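Side chains are part of it too, since the values below use all heavy atoms of this structure and drop only hydrogens, waters and symmetry mates. This chain uses plain numbering: 1 for the first residue, then up along the sequence. Keep in mind that what you see is a predicted model, and the values were worked out from it rather than measured.
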Amino acid sequence: MPRHSPIITYLALALAVVFWGFSFVATKIALQGFTPFTLVFLRFAAASIFFLLLLRQYRLPRLTIRQKGQLAVLAIFQPGLYFAFETIGLQYTSATTTSLIIATIPVTVLILSMIFLKERLRPVNALGVAISLVGVSLLIFGGNDAGGQGGSLFGDLLIFGAVFSAAIYMIITRRLGQSIPPLQITAMQIIFGAAIFFPLFLRDLPRMQWHTIPADSFIALVALTLFATIGAFFCYNYALSRITAARAAVCINAIPLVTTFGAWLLLGEQLSPLQGAGGIVVLGAVYLANYQPKPPERVMEAVVLEQE
């Protein structure tokens, strides 16, 4: 098997999808006992200890001042802004709706790549971007009620803030992954993230009532730390160092399927018919937005003959 097997790359992506899919459900459960920034800080502080111990075991190249600065900027977007938007947003909208909005990240990556990286967009991809807006509208405005399972416009807009933060993170990570090992990117991302959330944790600390936290919230916190933080970030950063950001982002489409199953099983959440239709439209639109037709067989044969 080659050193960087595609099987390993896509297995890492699959694990990240499963971990992140259940993370929305776990966050809803954890928020029953923790304030938003207490939850996020504890999650990243515990993960930071793990990565500091891990870094001591490996002789990784020393980072330059410029690379440290780039990683600090990366951490502002992910986990900084992303988790601030997502964790607060989940207080106002459902885990299922959140995961479906998060599924628009690949479309957002395409749009930002077109704007900032001057990448060209095929007509079929542009059609996918346009259709995705219809699906997103159904998700936001198709809920049964403003405060129930359908969530609220405020919560949905916060989740969109997380979407843009994640898209910027993917573009930056793709470039950094060419010169910095995935383990180092993940470790510094988590450590910087804990530093970013520490002042917000101190602000939330007086509001915490530790003796009233249910056991389920503690279990959810541990699961978020081990799987959604340590495991998922390492798996996804590894994949981003092997394939393009757009291709890796497409795999996020499967997150809503995992979340919908987990939210139905553990939280009893259900989508309204309009939101279900919106979810299907979003997933189909994301496929179109990232669709790349295979070159004709004759062209491929000509390329092979030319190489020979």
Any residue meeting side chain to side chain donor-acceptor pair (under 3.5 Å) with Thr27, in chain and number order, not counting sequence neighbours: none

Residues passing the side-chain contact (heavy atoms from CB on, under 4.5 Å) test with Leu74, sequence neighbours excluded, are Leu71, Tyr169, Ile172, Thr173, Leu176, Ile185, Gln189

Can you list everything that forms a ring pair (Phe, Tyr, Trp, His ring centres under 6.0 Å) with Phe227? Sequence neighbours excluded, please. Phe19

Can you tell me how far CD1 of Ile105 sits from CZ of Phe160, rounded to the nearest 0.5 angstrom? 10.5 Å

Side chain to side chain contact (heavy atoms under 4.5 Å, CB included) between Leu200 and Phe41, worked out: CA-CA 8 Å; Leu200 298 169; Phe41 172 73; over 6 Å; no

Could you work out, with side-chain contact (heavy atoms from CB on, under 4.5 Å) as the rule, every residue matching Thr64, not counting sequence neighbours? Arg66, Gln67

Does the side chain of Thr93 come within less than 4.5 Å of Ile101's, by heavy atoms? no

Hydrophobic cluster mates of Leu53, side-chain heavy atoms under 4.5 angstrom, ILVMFWY only, any path? Ile49

Hey, could you give me the CG/OG1 distance between Leu54 and Thr186, rounded to the nearest 0.5 Å? 10.0 Å

Partner set under ring pair (Phe, Tyr, Trp, His ring centres under 6.0 Å) for Phe234, not counting sequence neighbours: none

Could you note down all residue pairs passing side-chain hydrogen bond (donor to acceptor under 3.5 Å, both in side chains) where residues 76-89 supplies at least one of them, sequence neighbours left out? Tyr82-Glu86

Okay, side chain of Lys28, backbone of Ser94: is any donor-acceptor separation there less than 3.5 Å? no

Members sharing Ile219's hydrophobic cluster (side chains within less than 4.5 Å): none

What pairs of residues pass the side-chain hydrogen bond (donor to acceptor under 3.5 Å, both in side chains) test when at least one of them lies in residues 207-225, not counting sequence neighbours? Asp204-Arg207

Under the side chain to side chain donor-acceptor pair (under 3.5 Å) test, residues paired with Thr259 that sit two or more places apart: none

What pairs meet the side-chain hydrogen bond (donor to acceptor under 3.5 Å, both in side chains) rule with one or both residues in residues 40-54, with sequence neighbours excluded? Arg43-Thr229

Determine, using ring centers only, whether Phe83 and Phe44 are less than 6.0 Å apart. yes

Student check: side-chain heavy atoms of Ile213 and Met208 closer than 4.5 Å: yes

Sorted by chain and residue number, the side-chain contact (heavy atoms from CB on, under 4.5 Å) partners of Pro61 (sequence neighbours excluded) come out as Pro181, Gln184

Stepwise side chain to side chain contact (heavy atoms under 4.5 Å, CB included) test for Leu183 and Phe51: CA-CA 9 Å; Leu183 173 60; Phe51 278 108; 4.0 Å; yes

Are Leu13 and Tyr236 side-chain neighbours, meaning at least one heavy-atom pair lies under 4.5 Å? yes

Under a 4.5 Å cut-off applied to non-hydrogen side-chain atoms, are Ile76 and Phe192 in contact? no

If the plane angle is over 60° it's perpendicular, under 30° parallel, otherwise tilted; pick one for Phe218 and Phe34. perpendicular

Let me confirm one number: the CD1-OG1 distance from Ile102 to Thr97, rounded to the nearest 0.5 Å. 11.5 Å

Using a 3.5 Å distance criterion without hydrogens, assess whether the side chain of Thr108 forms a donor-acceptor pair with backbone atoms of Thr104. yes

